[in-house]
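This report concerns only the one structure given below.
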Protein chains: 2
Amino acid sequence: MLSIGQLSARTGVKVPTIRYYEKMGLIAPPDRSVGNQRRYEPDALRRLSFIKHGRDLGLSLEAIAELIDLADDPARSCADADRIAREHLSAVQDKIARLKRLERELTRIASRCTGHTIGECYVIQALSDHALCDDEH
Amino acid sequence: MLSIGQLSARTGVKVPTIRYYEKMGLIAPPDRSVGNQRRYEPDALRRLSFIKHGRDLGLSLEAIAELIDLADDPARSCADADRIAREHLSAVQDKIARLKRLERELTRIASRCTGHTIGECYVIQALSDHALCDDEH
DNA sequence: TGTAATCTCTATAGTCGCTATAGGTTCAAG
DNA sequence: CTTGAACCTATAGCGACTATAGAGATTACA
């Protein structure tokens, strides 16, 4: 039996976050000690690690909840889990593409700075005038 | 004189967002019509476009507020504006690097799916077992 | 002038995924 | 038995909006 602090230390998920996951229905409410403190079965380690792993990969709690449902029923088709992963992958790829455009734009803006006064500052000028941009954003 | 709806249409910033920016102190409270509706000078177009442009580049409202302060005082050194842009640039670059690692991992996970049942699903297995991952995240 | 459609007003609550705080209780070690 | 750490609940805050409700203003047209 683990206290919430031990569970936290072993999974790297902070204590208030574990309680938050419980409230959100991602982990089952555990048994309590006589003094009303949470006591977890070792099994909780696996489930919480699953959640943390998904979060580290950037999945939403909603997506993770869906995957937990799936994982609990090994007979079901894998297609849904696959779909969730692929949808997330394409969201990540979109984000990368957008950030790369921003990176180009910011590099261009920052590199033109002549180091003098605001009146001549390219950063400010570029923000004031969209026409100075390389592409649409 | 522009109504808030006209200002919104011309800048692409939604009406409630304009009011939100006003409450946050990013734009000055405009004059009002007899019936208490906001009426903007054409000048507001420039300021709001500046804000929108910064947001599109991913700057925080705080950073934008700082830049507005700078822009209003053309005699000051450009160094601060340059610093803000460069700091943001390196945050963007960090984000790109992290997302690329996720992309690799997700691609790997999703591509191994055999299309059968959850019991064999690599997506679920990978989430359950960190040891299946290629790198730390 | 009337009326209808659209626009605008304020205030408040919700979004996401936590994190922080306050004020109290329980536990484990010495 | 005492101390100090860990734990409890409930609530508020973060950033940057978005949505809703219920009321009032403006505009276009007949």
Side-chain angles (χ1 to χ4, degrees), chain A residues 1-27 29-40 44 47-48 50-68 84 87-88 91-92 95 98 102 137, chain B residues 1-27 29-40 44 47-48 50-68 84 87-88 91-92 95 98 102 137:
Chain A
M1 292 297 241
L2 301 162
S3 72
I4 196 169
Q6 290 167 333
L7 186 61
S8 167
R10 295 242 217 139
T11 57
V13 179
K14 288 181 185 156
V15 169
T17 305
I18 297 174
R19 288 195 278 249
Y20 173 74
Y21 287 164
E22 181 184 325
K23 205 168 60 171
M24 294 296 105
L26 279 155
I27 52 181
D31 290 341
R32 299 288 183 127
S33 72
V34 188
N36 198 36
Q37 297 192 355
R38 289 170 180 82
R39 290 296 176 262
Y40 295 91
R47 169 132 306 179
L48 192 52
F50 185 100
I51 296 170
K52 173 157 174 44
H53 200 168
R55 288 297 297 139
D56 286 348
L57 289 171
L59 295 169
S60 69
L61 293 186
E62 197 190 346
I64 292 169
E66 222 178 319
L67 287 170
I68 287 176
I84 291 171
E87 275 174 13
H88 184 59
V92 165
K95 234 179 243 167
R98 277 194 326 136
L102 295 183
H137 42 240
Chain B
M1 292 295 241
L2 301 161
S3 73
I4 196 169
Q6 290 167 334
L7 186 60
S8 168
R10 294 242 217 142
T11 57
V13 178
K14 290 185 185 150
V15 168
T17 305
I18 296 174
R19 289 195 278 248
Y20 173 73
Y21 288 164
E22 180 183 325
K23 205 168 61 171
M24 293 297 104
L26 280 154
I27 52 181
D31 290 340
R32 299 287 184 127
S33 72
V34 188
N36 198 36
Q37 299 191 353
R38 290 170 180 81
R39 290 295 177 264
Y40 294 91
R47 170 132 305 180
L48 192 53
F50 185 100
I51 296 170
K52 173 157 175 47
H53 200 169
R55 289 295 299 139
D56 286 347
L57 288 171
L59 295 169
S60 67
L61 292 187
E62 197 189 347
I64 292 170
E66 224 178 315
L67 288 170
I68 287 176
I84 292 171
E87 274 173 12
H88 184 59
V92 166
K95 235 178 242 168
R98 277 191 324 141
L102 295 182
H137 43 238

Taking only side-chain nitrogens and oxygens of [X], does any of them come within less than 4.0 Å of OP1 or OP2 of [N]?
{"X": "A/S33", "N": "D/dC7", "result": "no"}
{"X": "A/S60", "N": "C/dC16", "result": "no"}
{"X": "B/R32", "N": "C/dT10", "result": "yes"}
{"X": "B/Y21", "N": "D/dA16", "result": "no"}
{"X": "B/S3", "N": "C/dT8", "result": "yes"}

Interatomic distance where [atom1] belongs to [X] and [atom2] belongs to [N] [whole Å]:
{"X": "A/L2", "N": "D/dA6", "atom1": "CG", "atom2": "P", "answer": "15 Å"}
{"X": "B/I18", "N": "C/dT8", "atom1": "CD1", "atom2": "P", "answer": "9 Å"}
{"X": "A/Q6", "N": "C/dC27", "atom1": "CD", "atom2": "C1'", "answer": "11 Å"}
{"X": "B/D31", "N": "C/dC9", "atom1": "CG", "atom2": "C1'", "answer": "17 Å"}
{"X": "A/L61", "N": "C/dT19", "atom1": "CG", "atom2": "P", "answer": "11 Å"}
{"X": "B/Y20", "N": "C/dT8", "atom1": "OH", "atom2": "P", "answer": "21 Å"}
{"X": "B/M24", "N": "D/dA16", "atom1": "CE", "atom2": "C1'", "answer": "9 Å"}
{"X": "A/L7", "N": "D/dC7", "atom1": "CG", "atom2": "C1'", "answer": "14 Å"}

Start at the 5' end of DNA chain D and walk down; is the nucleotide closest to A/G35 or to B/Q37 reached first?
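Per heavy-atom nearest nucleotide, the more 5' residue is A/G35.
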*Which sits closer to the 5' end of DNA chain D, A/N36 or B/N36, going by the nucleotide each is nearest to?*
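Per heavy-atom nearest nucleotide, the more 5' residue is A/N36.
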Shortest non-hydrogen separation from A/R32 to A/E22 and the atoms involved: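 Smallest heavy-atom distance, with atoms named: NH2-OE2, 4.2 Å.
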*What closest approach, in Å, do B/I64 and B/I51 show between heavy atoms, and which atom pair accounts for it?*
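Looks like CD1-O, 3.6 Å.
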| said: Counting the atoms with a prime plus P, OP1 and OP2 as sugar-phosphate, which does A/R38 contact under 4.0 Å by heavy atoms, base, sugar-phosphate, or nothing? | reply: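 Sugar-phosphate only.
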Using a cut-off of 4.0 Å on non-hydrogen atoms, how would the nucleic acid contact of A/R55 be classed: base, sugar-phosphate, or nothing?
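Here A/R55 touches the backbone only, sparing every base.
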First encountered from the 5' end of DNA chain C, between B/K23 and B/G5:
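Between the two, 5'-proximity favours B/G5.
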| Within 6.0 Å of CD in B/E62, more than 12 heavy atoms from elsewhere |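 Open.
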| message | Counting neighbours of CZ on A/R10 that are heavy atoms of other residues, nucleotides or ligands and sit closer than 6.0 Å, is the number greater than 12? | response |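 Open: at most 12 neighbouring heavy atoms sit under 6.0 Å from CZ of A/R10.
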Checklist entry - Would you find a donor on one side and an acceptor on the other, under 3.5 Å apart, between the side chain of A/H88 and the backbone of A/L57? => result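 Yes, because the side chain of A/H88 sits within donor-acceptor range (under 3.5 Å) of the backbone of A/L57.
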From the options D/dT26, D/dC8, C/dC9, select the nucleotide whose nearest atom is closest to the side chain of B/R39.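 The closest nucleotide is D/dT26.
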